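From a predicted model like this one, the values you see are computed outputs, not experimental measurements. Below, chain A is the first sequence line, B the second, and so on; all start at residue 1. Because only heavy atoms are used, hydrogens play no part in the values below, and waters and symmetry mates are left out as well, while side chains stay in.
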Number of protein chains: 2
Amino acid sequence: MNMQFDVAQNGALPLMTRPCAPQSCDQCGVRDRAICTDLSDPDRDALSRIGRRVTLHAGQTVMWEGDDSMVVANVIDGTLKLATSTGDGREQIVGVVYASDFIGRPFGARTPHSVTALTDARLCLFPRGSFDAFARDHGDLQHRLLQRTLDDLDRTRAWMLLLGRKTAREKVATFLLDMARRLQADQAGTIELPLSRQQIADILGTTIETVSRQMSELKRQGIIALVGRRGVRLVDGAALEALAEGV
Amino acid sequence: MNMQFDVAQNGALPLMTRPCAPQSCDQCGVRDRAICTDLSDPDRDALSRIGRRVTLHAGQTVMWEGDDSMVVANVIDGTLKLATSTGDGREQIVGVVYASDFIGRPFGARTPHSVTALTDARLCLFPRGSFDAFARDHGDLQHRLLQRTLDDLDRTRAWMLLLGRKTAREKVATFLLDMARRLQADQAGTIELPLSRQQIADILGTTIETVSRQMSELKRQGIIALVGRRGVRLVDGAALEALAEGV
DNA sequence: CGAGGAGTTGATCGATTTCAAGCCGTGTGG
DNA sequence: CCACACGGCTTGAAATCGATCAACTCCTCG
């Protein structure tokens, strides 16, 4: 098991103090995909005034497991991980979020997992109380949040099958396909993983060595090709699909 | 891994054809806990008219993984499991639901997991389309559904840590504490598990033999006592808590 | 009271973890 | 511009936990 402690790479998070250039929703890159999409212009302005734009560096943690739920946010840009740990430091990544996703625990007192930037990232951050109040008054926002939460739950439950019942080979195959779906591959079919081997292991509930071995074996079989440290080309997608479900 | 195929114990489910004695919400046992709680009397009546009361026998499956999402329901009484399987029949239970819980996939085309009664059960069943429409018009209902879905997601993510990172011992200890929390123990501290060893194994992502061995070992250490097949007395709760988190 | 399914226990096997080098490529400093 | 050092990754060998295979026991229900 992973006994490596991911020491937070920041002390007091400068989120609260750093003044951010105010920016309108008009130029927002996730304007048409985030949960605020359907809001009327005045409503979106009102929500925008509640929130602040915030920049994170790779490795920074925005929320810690068990902390009071103080903020929620839209991800404007970048990739972040959601994780929980056992008392002795074994970590399980319980979600990876991308641009336009929503993070934090609305309508609840505790943040049940930590949120850490994997790449540099930008957030549109809201104090939870204000967001909750706003959402209560805006059924369409709440509806989109519900939709998203239901989708998250479906995805999370599907992942439980992987964690509980799949072999290492199946786990890695499933992971690669899942990543290919989210980060759409370039013309050559190559994806650039936003995760280290350790983080992949923490997603799959296995070890770094096992991930590495399975990747090497898939390469040996000509099913994938490895391009540098983080690049993977899915050569034989059908074979991967077959492996992902136990044959 | 569990290669045992759980053959559905029913052919065509007689849900749709069996006429149920109409029953008002007044006598409903979960009236003050289900998602419909906060509705005004006329609203609740309107919702009630959309739904039907349905009785299930232990072993009956209400929804199958991958099927079109046709119905959603409140659980009035009984215990049900939510499960997914790999192509070759390995099963992972992704949730256990009790009286007052909500089942099914609103606002989505597919049911992502099967729902099967573990005990005899009673449901308050709604056609999905009608329920969705009703929920859209009733922000308070939608809010409760959101609350519940967020809680489910938190619980599910916590379970990922168990599946991905905990040892067999820790899994069983965590499971017993979780069950004790839900089924509040009687005066002697004894709980009656609503699950067979196989089902426990399917929840914990392990095998029946491992569950049995870990239970026996906990008994030998005087941490629990086994009472018949399904009874467990938590003798030393603190020790269990310690085991549940890796020491 | 007896049968059969559920659960327990034992023995063995094997996949994955753990421990231990070694490699590679990336960035830095001479 | 090249050497080198560090971190991330790969690979190998040994150890281990849990799975599998196989009896056997014990409830529970007819």
note: A/Gln199, atom CD; D/dG8, atom P; distance rounded to Å ~ 10 Å
Residues at least two apart in sequence or cross-chain that pass side-chain contact (heavy atoms from CB on, under 4.5 Å) with B/Thr174, listed by chain then number, are B/Trp159, B/Leu162, B/Lys166, B/Ala244
Going 5' to 3' through nucleotides 24-30 of chain D and flagging B where a protein heavy-atom sits under 4.0 Å of the base, S where only the sugar-phosphate is that close, and - otherwise, we get --BBS--
Exercise for review: Respond yes when some side-chain nitrogen or oxygen of B/Thr207 is under 4.0 Å from OP1 or OP2 of D/dA19, and no when none is.
Suggested key: yes
For residues 229-243 of chain A, the salt bridge (charged side-chain N to carboxylate O under 4.0 Å, His left out) pairs (sequence neighbours left out) are none
query = Using a cut-off of less than 4.0 Å, is there contact between a side-chain N or O of B/Thr210 and OP1 or OP2 of D/dG18?
reply = no
Using a 3.5 Å distance criterion without hydrogens, assess whether the side chain of B/Thr86 forms a donor-acceptor pair with backbone atoms of B/Arg90.
yes
Whole-Å distance, A/Leu193 CG to D/dC9 C1', equals 13 Å
B/Gln198 CD to D/dA19 P, in whole Å, measures 11 Å
Point to revise | Ionic contact status for B/Arg165 with A/Asp202, cut-off 4.0 Å | key: yes
The complete set of salt bridge (charged side-chain N to carboxylate O under 4.0 Å, His left out) pairs with one or both residues in residues 56-73 of chain A, sequence neighbours excluded, reads A/Asp68-A/Arg110
Between A/Arg148 and A/Asp101, is there a salt bridge with N-O shorter than 4.0 Å? yes
Those residues at least two apart in sequence (or on a different chain) that pass salt bridge (charged side-chain N to carboxylate O under 4.0 Å, His left out) with A/Arg157 are none
Here the distance between atom C1' of C/dA15 and atom CG of A/Leu204, to the nearest Å, is 16 Å
(message) Salt bridge or not between A/Asp151 and B/Arg105? Use side-chain N to carboxylate O under 4.0 Å.
(response) yes
Whole-Å distance, A/Leu195 CG to D/dG7 P, equals 21 Å
Between CZ of A/Arg169 and P of C/dA15 the distance, given in whole Å, is 11 Å
Taking A/Gln60 for the side chain and A/His57 for the main chain, is one N or O donor matched with an acceptor at less than 3.5 Å? yes
The correct set of residues in residues 212-220 of chain A placing a heavy atom under 4.0 Å from DNA chain D is A/Ser212, A/Arg213, A/Ser216
From NZ of B/Lys166 across to C1' of D/dG18 the rounded distance in Å is 18 Å
Discussion item. I'd like to know if B/Glu209 reaches the base of D/dC21 with its side chain, counting only an N/O donor and acceptor under 3.5 Å.
Written reply: yes
Rounded to whole Å, CD1 of B/Ile208 lies from C1' of D/dG18 at a distance of 15 Å
